[in-house]
Each structure stands twice: as structure tokens, then as C-alpha cells.
Amino acid sequence: MKTERTASRQVALSICVGMGLAGTVVALILMAVDQVSSDSIAAHVQELYEPFGKIPDPIVPWIFLYSIFAVGVVGWAIASVGAWRKAWWSRWWCAATFCVGSALLIFAAVVSEHGSPILPLPWRTVSIAVAAVGAITTMIAWLPTTDRITE
């Protein structure tokens, strides 16, 4: 008889939640590197508001992005602990983290003012990419992962 073996639910959930956590941490590291090196958001804010005279503090978009990704890290970390402890709520928490985080990330990617996006293109791309990683992670978390075919 042939057997189709799949990963246990806990292993699959731990791996995918770890992917979500890792993707979010990488985005936070990229933000910190960008802020201390090229500060692309400050340059974008300067370019966006210069024709209108009053230029807002460029730290505001940074605070917004750091807050979104920090909430994501906390959410994925809680989901990781739940997955490691085999908690019944860990898949639900993973889905909630994805929904809240993705909604905020997509909002940040599409919001515009004066006909121009608030965030520069690289950060809109990162926001959508991290939301996509969250979607993949959540889909993997909800896949059935039991032995289905016995020998």
C-alpha cells in the first residue's frame, strides 16, 4: 500500500508562522537601514509637499511604518508561541494577525495626497510583499496536514 505523508499540523504551522515573523523582521531591518542611510521617505515627503509650501515632519510616515511592522512582529511572535505550545487558538491568531497587518500595509501602500502616493515606490512594494507573505503564511496554516492515504 502507498502512503502519502505530510507534515504534522504543528510543524507546518510553526514553519509558516516563522516565515511571517521572519518577513516582518526583515522589513523592520530594511526600514532601519533605509532611515539611517538614504532616508528615502524623507526625500519623498520633501518632493511631495514642496510645491505646496508647508512640508510636514518626515518622521510621521516612519512612525506609521514602524508601528505597523512592530504590531506584525508582536502578532507573529504570539502566533509562534501558540504554535510551539500546540494551542488551539494559534491558527486563528495567525489569521487575525494577517488580516489586521495586511489591511494596514495595503492602506499604507495605496493612500495618497495631492494626487501622489504618501510612500515612495520601494516602500509600497515592500508593504504589498509583506502582506503577500502573510497571505501565503495564513493559507499554509489552514491547509489540512494529516495522513490522507494509507497503504
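What you are looking at is a predicted structure, and each value in this text was computed from that prediction instead of being measured. As a basis for the values below, the full set of heavy atoms in this structure was taken, side chains included, without hydrogen atoms, waters or symmetry mates.
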Of all heavy-atom pairs between [X] and [Y], which one has the smallest distance, and what is that distance?
X: P120; Y: H44; value: N-CD2, 3.7 Å
X: A27; Y: V126; value: CB-CG1, 4.2 Å
X: G23; Y: V130; value: O-CG2, 4.2 Å
X: V133; Y: G20; value: CG1-CA, 4.4 Å
X: G82; Y: W89; value: CA-CH2, 3.6 Å
X: S127; Y: A109; value: CB-CB, 4.3 Å

Establish whether [X] and [Y] are linked, either directly or via other cluster members, by ILVMFWY side-chain heavy-atom contacts under 4.5 Å.
X: V73; Y: F64; answer: yes
X: V71; Y: V25; answer: no
X: I68; Y: V26; answer: yes
X: I29; Y: I63; answer: yes
X: F69; Y: V74; answer: no

To the nearest 0.5 Å, what is the distance between [atom1] on [X] and [atom2] on [Y]?
X: S14; Y: K86; atom1: OG; atom2: NZ; result: 9.5 Å
X: L48; Y: I118; atom1: CG; atom2: CD1; result: 5.5 Å
X: S40; Y: M31; atom1: OG; atom2: CE; result: 11.0 Å
X: I15; Y: S80; atom1: CD1; atom2: OG; result: 12.0 Å

Residues in side chain to side chain donor-acceptor pair (under 3.5 Å) contact with T125, at least two apart in sequence or another chain: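 By the side chain to side chain donor-acceptor pair (under 3.5 Å) rule, T125 matches no residue at all.
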Partner residues of T97 under the side chain to side chain donor-acceptor pair (under 3.5 Å) criterion, sequence neighbours left out: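 With neighbours one apart ignored, the set is W93.
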Stepwise side chain to side chain contact (heavy atoms under 4.5 Å, CB included) test for L30 and W123: CA-CA 10 Å; L30 288 173; W123 285 111; 3.9 Å; yes
Result block: side-chain N/O donor-acceptor pairs under 3.5 angstrom for residues 101-108, not counting sequence neighbours:
residue: S102; atom: OG; partner: F98; partner atom: O; Å: 2.9

Test side chain to side chain contact (heavy atoms under 4.5 Å, CB included) applied to Q46 - qualifying residues, sequence neighbours left out: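 For Q46 the side chain to side chain contact (heavy atoms under 4.5 Å, CB included) partners, ignoring immediate neighbours, are E50, I55.
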Residues that W92 engages under ring pair (Phe, Tyr, Trp, His ring centres under 6.0 Å), provided they are two or more places apart: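 By the ring pair (Phe, Tyr, Trp, His ring centres under 6.0 Å) rule, W92 matches W142.
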Partner of L119 under side chain to side chain contact (heavy atoms under 4.5 Å, CB included), chosen from V111, L65, V45: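 It is L65; the other options fail the test.
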Within residues 60-77 or reaching into it, pairs that qualify as side chain to side chain donor-acceptor pair (under 3.5 Å) - sequence neighbours excluded: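 Passing the test, one end in residues 60-77: T24-W76, Q35-Y66, D39-W62.
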